[in-house]
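Have a look at the structure below before the remarks.
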Amino acid sequence: MRWSKSFIPTLRDDPADAEAVSHRLLVRAGFVRQLMSGVYSLLPLGHRVCQKITNIVREEMDGIGGQEFKLPALHPADVWQKSGRWETMGDEMFRFTDRRGSDVGLGMTHEEVFATLASELRSYKQLPQIWYQIQTKFRDEPRPKSGVLRVREFTMKDSYSLDYQSDGLDFAFGQHFEVYRRIFSRCGLETLAVEASSGAMGGSESIEFMVKSSAGEDWIASCTTCGHAGNLEKITSNLAPVEDGPGQDAPEKFATPGMHTIEDIAGFDAGAPAERQIKTLVYVLDGETALVLLRGDHGLVEQKLADGTGVQDMRPANDDEIEAALSAKAGSLGAVALSNPKLRVLADAALEGRRDMVTGANENDFHLRGVDVARDIKVDQWLDLREVQAGEPCPLCETPLEVDQTIEVGHIFKLGTRYSEALGASVLDENGKARPIIMGSYGIGIERAMASVVEGNHDDNGIVWPVGIAPYEVVVTVLNPKDVATSEAGAALYEALRGDGIDVILDDRDERPGVKFKDAELVGIPYRATVGPKGLEKGIVEFVARRGGEPREITLPKAAGSIVEYVLESRGR
RNA sequence: CGGGCCGUAGCGCAGCUUGGUAGCGCGCUUGACUGGGGGUCAAGAGGUCGCGAGUUCGAAUCUCGCCGGCCCGACCA
């Protein structure tokens, strides 16, 4: 390709509304353009990168026997009603009514459709299967953000494993785990595999593949010693034991005028440090008010609350609901001696067995001290609800955990039989007995992977693509295209590289050298061969890596050969 | 869904307070010079000022409504 004929609209200024590095650079370097909130066009460069990622994914999926499909994006309400997700997906699903009045949804994932196809499977002899597709997904995100990282329309590789025994699922899950590691490493992404909450997908086990980035929306904790890692929505930690005093025979009420936060009580002489306090939160869980108790210095992870209780719909109670439930305002709430015995009390495990604690008295501006959790609070359900903090000991090996901000680029789930049972996909086993197909589901966001690579591979001058997914591997920069000898030497080198299968672009534009160097660096092409009159006088071309390092001078006759060799060798890395 | 901010040329912005000829930088076009890090000079093209009402002799500017976008939070495989 010749740069002069390409649509590569680079911008000299940063777009005003781009915050994330990947957003800024992908727009500025001419890879993507926004069409509307959360919807982006991939320009030729962006499409090339996504194609390369896609090809890697395809190669690796085919390598474990995956079969590629192309499923519809238009889904009848029917199949989603069967799985129950027509309701549970709520506003996140794009929906419309067709001219005949039928409800239609835009596919946000394809468990239902694949399970429908899987209902044609009849015998265990046809299993296992791995089915996949690379297709557009639609999700009406409440808040698209960070360019192409969180969008409403995007490309996803989704695969589904079909088995009739749970060890078959385990095997397919393991295959995907390995293949995902290879895919991400070939894309130049350093990923951490972490245990995750399965959320709305259901299923027993799930692992997310995370890339560290300040543009990420997920926080994970990981152990550098034993490798144990998890999403903060899921992971727990060991806690240093707290030595409680003997406490008091009964809770004692004391005045705390104007003190409504954990910090207020902690800073009060007659109060107690945060780890000696009980934090009382009021939530509405599937329409029922409930109390959620945590240690004063601990934060609630709502996902853990959802996972632990199985509720669908959850929100913090509003002021009126709090007052109605406890006859006091937030800031003075507690779970001791509740007047309404039906109020459900959920408590974090870190409170178990604690004595001599301080909590609200359910009377404005009063607290209780000397609270013994076992004696004074009737807990309906103990759960792990607290958010792990950096430095807390790893639950497996006691090493202090690290906490990092990350982007989720892949997620693999053991789904089980939820969808196959709902959609009637079963096979006969060796004994002629019908068994629901056991499914796994495995996703990779393609554009998100591209953006994640940019997040981790850039400098002040622009993007620095890994060779494996760069839009072009080499740019041949012709410094003065009006000089015939230079122009011809550049074109000859370009043709030679092209002939040897190198992905090369010839920058033949009549621009100043600085413009071309800047653009090449902004776009992030891994290697640049510079052909200019000065070099030609000496019979050389200059070859530099975008990543840095010394420029090398190669004599003209050897130029194509050594560049090819160099690029081929670097593809493997 | 709550909070904050913003829509003026392809991009980045000024003008709005105090109503009166729509501006600047970059980019773009043509020409000349120039040619190893976003060069110089000259001449140009390009705007329903997000949309719709209203006030007014007159609205980018004031008022109301709507639409769109960004950021924080909530939410989210």
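Below, chains carry the letters A, B, ... as their sequence lines are ordered, and counting in each starts from 1.
Look at the C1' atom in both A14(B) and U29(B): the space between them is 25 Å, to the nearest Å. The P atoms of G54(B) and U61(B) are separated by 14 Å, rounded to the nearest whole Å. For the C1' atom pair drawn from G23(B) and A60(B), the interatomic distance equals 12 Å after rounding to whole Å. Atom C1' of U21(B) sits at a distance of 15 Å from the matching atom of C49(B), rounded to the whole Å. The same atom, P, is picked in G52(B) and in G68(B); the two are 16 Å apart, to the nearest Å. For the C1' atoms, the distance from G46(B) to C64(B) is 33 Å, rounded to whole Å. Comparing the P positions of G7(B) and U63(B) gives an interatomic distance of 15 Å, to the nearest angstrom. Comparing C67(B) with G50(B), their C1' atoms are spaced 7 Å from each other, to the whole Å.
No hydrogens or angles considered: nothing links the side chains of Y283(A) and T289(A) as a donor-acceptor pair under 3.5 Å. In this structure, a donor-acceptor pair under 3.5 Å is absent between the side chains of Q133(A) and E68(A). Counting only N and O atoms by type, the side chains of D507(A) and T477(A) include no donor and acceptor under 3.5 Å apart. Judged by distance alone, the side chains of T486(A) and N480(A) never bring a donor and an acceptor atom under 3.5 Å apart.
A pairwise comparison of heavy atoms in E153(A) and V39(A) identifies OE1-CG1, 4.1 Å as the closest pair.
Here C28(B) presents its C1' atom at 13 Å from CZ of F7(A), a figure rounded to the nearest Å. Between D140(A) atom CG and C1(B) atom P the separation is 11 Å, expressed in whole Å. L35(A) places its CG atom 12 Å from the P atom of C70(B), with the value rounded to the nearest Å. Summarising the geometry, the separation between CG on L25(A) and P on C11(B) is reported as 18 Å, rounded to the nearest angstrom. Rounded to a whole Å, the CD1 atom of I8(A) is 17 Å from the C1' atom of G10(B). Rounded to whole angstrom, the span from the CG atom of D13(A) across to the P atom of G25(B) amounts to 14 Å.
Among K82(A), H75(A), R85(A), the single residue meeting the side chain to side chain donor-acceptor pair (under 3.5 Å) criterion with E112(A) is R85(A). Each of Q135(A), K137(A), H411(A) was compared with D158(A) under the side chain to side chain donor-acceptor pair (under 3.5 Å) criterion, and only K137(A) meets it.
At least one side-chain nitrogen or oxygen of Q34(A) sits closer than 4.0 Å to the OP1 or OP2 atom of C70(B). Under 4.0 angstrom from either OP1 or OP2 of G68(B) there lies no side-chain N or O belonging to S37(A).
At the heavy-atom level, M108(A) lies under 4.0 Å from base atoms of the strands shown. Counting any heavy atom pair closer than 4.0 Å across all strands shown, P9(A) reaches no nucleic acid atom. Nucleic acid contact class of D17(A) (heavy atoms, under 4.0 Å, all strands): sugar-phosphate only. Within 4.0 Å (heavy atoms only), M156(A) reaches at least one base atom of the nucleic acid. Counting any heavy atom pair closer than 4.0 Å across all strands shown, R315(A) reaches no nucleic acid atom. Using a 4.0 Å heavy-atom distance criterion, T486(A) is classed as making no nucleic acid contact.
Pair assignment for C1(B): G73(B), on the basis of Watson-Crick or G-U wobble contacts that are both within less than 3.5 Å. Checking C66(B) for Watson-Crick or G-U wobble geometry (two distances, each under 3.5 Å) identifies G50(B) as its partner. When both distances must be under 3.5 Å, the Watson-Crick or G-U wobble mate of G19(B) does not exist. Across every strand in view, U61(B) sits unpaired, with no contact that passes the Watson-Crick or G-U test at under 3.5 angstrom. With a cut-off of 3.5 Å on both Watson-Crick or G-U wobble distances, the partner of C33(B) is given as G39(B). Across all strands shown, the partner of C28(B) is G44(B), judged by Watson-Crick or G-U wobble contacts whose two distances both fall under 3.5 Å.
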Heavy atoms under 4.0 Å is the rule here; annotate nucleotides 32-46 of chain B 5' to 3' with B where the base is hit, S where only the sugar-phosphate is, and - elsewhere. --BBBBBB-------
Return all side-chain donor-acceptor pairs below 3.5 angstrom for residues 40-47 of chain A, not counting sequence neighbours, or 'none' if the list is empty.
from: Y40(A); atom 1: OH; to: H23(A); atom 2: NE2; distance (Å): 3.2
from: Y40(A); atom 1: OH; to: Q34(A); atom 2: OE1; distance (Å): 2.9
from: H47(A); atom 1: NE2; to: Q51(A); atom 2: NE2; distance (Å): 3.2

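Counting non-hydrogen atoms of other residues, nucleotides and ligands closer than 6.0 Å to CZ of F171(A) gives a total of 12 or fewer.
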Just the atom pairs and distances: protein N or O near nucleotides 3-6 of chain B's N or O, under 3.5 Å.
none

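The aromatic rings of Y180(A) and H176(A) sit perpendicular to each other, their planes meeting at more than 60°, with 30° as the lower class boundary.
With values rounded to the nearest 0.5 angstrom, R152(A) atom CZ is found 11.0 Å from L35(A) atom CG.
Nearest-nucleotide mapping onto RNA chain B: of A16(A) and E92(A), the residue sitting toward the 5' end is A16(A). Each of P144(A) and F154(A) lies near RNA chain B, and the nucleotide nearest P144(A) is the one positioned closer to the 5' end.
For the pair N231(A) (side chain) and K234(A) (backbone), a donor-acceptor distance under 3.5 Å is absent.
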